[in-house]
Amino acid sequence: PEMIINIIQEIDAFILESETASTNMYIQLLKDRITEEKYFKDKITNTSPGMVYVFDIVEQRGVYSDLKLFEHLGFTETELKEMGN
């Protein structure tokens with residue numbers, strides 16, 4: 001019985017370590033994707049001479065706008081949100 005308990009404990013430790021490694025890898029992949037998307041967004045925003053505004057037609061809502069939009073329109077982000085669609 002003692003040997004069986006030791007084997008089960010080893011299997012449990014292996015499974016825990018395997019699941020931990022898999023979870024950590026998944027989290028790192030998500031972080032990398034977020035970083036890539038942020039870099040892409042920042043690159044577009046910083047190199048574009050005009051305003052950037054993304055509107056979701058299906059949801060009928062603004063998804064993203066850069067700070068230039070607020071500067072050019074003369075409204076704050078809060079004021080634009082209060083105006084609604």
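Sequential numbering from 1 along the given sequence is applied to the chain's residues. Everything quoted here is computed from the prediction, not taken from an experiment.
To the nearest 0.5 Å, atom CD1 of residue Ile57 and atom CZ of residue Phe55 are 7.5 Å apart. If you take CG on Leu73 and CE on Met51, they are separated by 5.5 Å, rounding to the nearest 0.5 Å. With rounding to the nearest 0.5 Å, the separation of CG in Leu16 from OG1 in Thr20 is 4.0 Å. For the atom pair Ile8 CD1 and Ile15 CD1, the distance stands at 10.5 Å (nearest 0.5 Å). The structure places OG1 of Thr23 at 7.0 Å from CD of Glu19, a figure rounded to the nearest 0.5 Å.
Within 6.0 Å of CD in Glu17 there are 12 or fewer heavy atoms belonging to other residues, nucleotides or ligands. Around atom CG of Leu29, more than 12 heavy atoms belonging to other residues, nucleotides or ligands sit under 6.0 Å away.
For the pair Tyr53 and Ser65, the tightest heavy-atom approach, listed with the atom from each and the gap, is CD1-CB, 3.5 Å.
Panel note: side chain Glu37, backbone Ile34; no donor-acceptor pair is recorded below 3.5 Å. A donor-acceptor contact shorter than 3.5 Å links the side chain of Thr47 to the backbone of Lys43.
With a 4.5 Å cut-off between side-chain heavy atoms of Ile, Leu, Val, Met, Phe, Trp and Tyr, the cluster of Tyr64 takes in Phe40, Ile44, Val52, Val54, Val63.
Among residues two or more places apart in sequence or in another chain, the side-chain contact (heavy atoms from CB on, under 4.5 Å) test is passed with Gln9 by Ile5, Asn6.
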